[in-house]
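Sharing a structure here in structure tokens format.
Order of appearance sets the numbers: ligands from 1, and atoms from 1 within every ligand.
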Amino acid sequence: MDKIKIRGGNQLNGKIHISGAKNAALPLIAASLLTSEPVTLSNMPILSDITSLNNLLLELGTKIEQKEEQKKGHTSETYTYQTRNFTSLVAPYDFVRKMRASYYVLGPVLARTGHVELSLPGGCAIGARPMDIHLNSLEQMGAQIEIKNGYVVADAKKGLKGAHIIFPKASVGATCNILMAATLAKGATIIENAAQEPEIGDLIDLLVKMGAKIEGKNTSVLKIEGVSKLNGAEHTILPDRIEAGSYAIAAAITKGKIELEGAIADHLKAPLNILRAMDIKITEKENSIIVDARNADLQGQDIMTDYYPGFPTDLQAQFMALMTVAGGASMVTENIWENRFMHVPELMRMGANINVHGHASAIVRGVKKLSAAPVMATDLRASFALVLAGLIADGETIVNRVYHLDRGYEKLEEKLKAVGADIERIKEPD
Ligand code: UD1
């Protein structure tokens, strides 16, 4: 298993190109299953989560073509997906276990074929991650669902039908899944309390290009009028707001200045406001964001994760790393996942002063310095928080279990090295 070695203390300065959004790419790839025609997605990030979903689609019978393009000095990948016919309607355990978002095939395959079997993903490091909202909603649309041998077996022999669905929680995954299923259902579907994350807007844009009839983009009520068939389309994946936010924090914690090329400031309002409150200069440009912390007197801030446009849970661990060296005390409240403080003990091993209260809140009292240590994290964003801590710690930090980072941060070492970090990957056989 590879490791990452970081020698802390360098101020980061320069430009980082923001990749396509992982959490948009995953449902967009699954949406290609709704049509027999080709769907071309450009600005695809090169990440192991994408490879995992691609492997599942290959298993289902999708043909995938990959093309590399040079755009404005960086390499970008374009993938074309075509599922003329399905060779299997089963998403096996070995695929789903590697990547939970494999559940995105559920809605599209069921809607197009009337049958699908999906291994239940089970729990994970950041929580139980149930699928009840996905399944209850499909039942309301006329699907018959059984749990058999660890699999969801769903049937809709006569096709899905439109329904008026009210989500108990604004789940991102359920919104994407039901949205995709509803495009091919008979009649109209209304989803109330839909999630409003930008990645859902990106999915709606692709579905509309494919011929779907959807109203209510960027609102909590989506209306979908089912059509009998969807066509192929081409789409560029939006930039990754979580990657951009993570590198913004890298600028902040090292008191440097980084321009995030391609980032959309509008998608990062809540985290950028916290950085501004920390005395960091944020310049929003048309196609980039400049984060300048060179003269900042970093003082702690309270953050509370929430559904979009609230503060994203996927930036909570990274902000906590920043708070460990900010002046005064900060309160971090996690409202989305029940077990998302796994980075705390590792940050404390590096000298952070953090008190966790129950499952949902933590008080962070700023310290003058962190010191390097061998650390490991149990999820993707927590791993990045440890990289951030390593960037300012005294000495050499080794971050283990790099496969977490490879799921969601494209060319991590390359990007950080280019802005001045002393970082390298140590290759080790598995
Ligand atoms: C997505 C993101 C993940 C992010 C999360 C919240 C992807 C691939 N992943 O995950 O990075 O942290 O949104 O912004 O896009 N819930 C239920 N029942 C369900 C579904 C969800 O109770 O059927 C609960 C979950 O336990 C959680 C909350 O709803 O407490 C939000 O989950 P959800 O928005 O569905 O997260 P994901 O789509 O899995």
Does any N or O in the side chain of D379 come within less than 3.5 Å of the main-chain N or O of R381, such that one atom is a donor and the other an acceptor?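 Yes; at least one donor-acceptor contact below 3.5 Å.
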Can we say E199 and R241 salt-bridge, meaning some charged N sits less than 4.0 Å from an Asp/Glu carboxylate O?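 Yes, E199 and R241 are salt-bridged.
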At under 4.0 Å between heavy atoms, which part of R381 makes contact with ligand 1: side chain, backbone, both or neither?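 Neither; no heavy atom under 4.0 Å.
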Between D314 and ligand 1, which part of the residue brings a heavy atom under 4.0 Å of the ligand: side chain, backbone, both or neither?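 Within the 4.0 Å criterion, D314 contacts ligand 1 through side-chain atoms alone.
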What part of K169 sits under 4.0 Å from ligand 1 if we count only heavy atoms: the side chain, the backbone, both or neither?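 The answer is the side chain of K169.
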Tell me whether R349 contacts the main-chain N or O of P374 through its side chain, where contact means a donor paired with an acceptor under 3.5 Å.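 It does hold such a pair.
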Mind checking whether P130 has a heavy atom under 4.0 Å from ligand 1?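 Right, P130 reaches ligand 1.
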Are any of the N or O atoms of E338 closer than 3.5 Å to those of ligand 1?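 Among all N and O atoms of E338, none is under 3.5 Å from an N or O of ligand 1.
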Any nitrogen or oxygen of Y307, main chain or side chain, under 3.5 Å from a nitrogen or oxygen of ligand 1?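 In fact, backbone or side chain, Y307 has no N or O that close.
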A101, any N or O under 3.5 Å of ligand 1 N or O: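 No, since none of the N or O atoms of A101 sits under 3.5 Å from an N or O of ligand 1.
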I want to know if ligand 1 touches I336 in the polar sense, i.e. an N/O pair below 3.5 angstrom.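 There is such a contact, yes.
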Suppose I only count heavy atoms of R340 and a 4.0 Å limit; which atoms of ligand 1 are within that range?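 What qualifies from ligand 1 is 12 (O).
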Do side-chain atoms of T35 reach the backbone of S32 as a donor and acceptor pair under 3.5 angstrom?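 No; zero donor-acceptor contacts below 3.5 Å.
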Pair Y307, N335: side-chain N/O donor-acceptor within cut-off below 3.5 Å: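 No, N335 and Y307 have no side-chain donor paired with an acceptor closer than 3.5 Å.
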Is the backbone of T313 close enough, under 3.5 Å, to the side chain of R340 for a donor and an acceptor to pair up by distance?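 Here the side-chain-to-backbone pair exists.
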Return yes when Q316 approaches ligand 1 closer than 4.0 angstrom through a heavy atom, no otherwise.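 No heavy atom of Q316 comes that close to ligand 1.
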Check contact between F167 and ligand 1, using heavy atoms of the residue and a distance below 4.0 angstrom.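 No heavy atom of F167 comes that close to ligand 1.
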Within 6.0 angstrom of H164 NE2, more than 12 heavy atoms from elsewhere: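 Counting other residues, nucleotides and ligands, NE2 of H164 exceeds 12 neighbours.
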Which of the listed options, L26, T305, T313, L380, holds the heavy atom that is closest to atom 6 (C) of ligand 1?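 Heavy atom nearest to atom 6 (C) of ligand 1 belongs to T313.
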Taking S383 for the side chain and L405 for the main chain, is one N or O donor matched with an acceptor at less than 3.5 Å?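 Checked: no pair found.
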So that I can tick it off, tell me whether K415 and E243 are bridged by a salt bridge, with the cut-off set at under 4.0 angstrom between side-chain N and carboxylate O.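 Salt bridge between E243 and K415, a charged N being under 4.0 Å from a carboxylate O: yes.
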Does K22, backbone or side chain, put an N or O under 3.5 Å from an N or O of ligand 1?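 Such a contact does not occur with ligand 1.
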When you measure from atom 33 (P) of ligand 1 to each heavy atom in V172, D379, T175, which option holds the nearest one?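 Closest candidate by heavy-atom distance is V172.
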Around E192, counting heavy atoms of other residues, nucleotides and ligands shown, do more than 12 lie under 6.0 Å from its CD?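 It does: E192 CD has more than 12 such atoms within range.
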Distance under 4.0 Å to a non-hydrogen atom of G173: what atoms of ligand 1 satisfy this?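 Counting from 1, the qualifying ligand atoms are 35 (O), 38 (O).
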Apply ring pair (Phe, Tyr, Trp, His ring centres under 6.0 Å) to Y104 and list each qualifying residue two or more places apart in sequence or on a separate chain.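 None.
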Report, in ascending order of atom number, the atoms of ligand 1 lying under 4.0 Å from any heavy atom of M131.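 Listed by number with element, the hits are 23 (O).
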Under 4.0 Å from a heavy atom of H134: give me the atoms of ligand 1 that qualify, with their elements.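 Answer, ordered by atom number: 23 (O).
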Select one of side chain, backbone, both or neither to describe which atoms of Y308 lie under 4.0 Å from any atom of ligand 1, heavy atoms only.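 Neither; nothing of Y308 gets under 4.0 Å from ligand 1.
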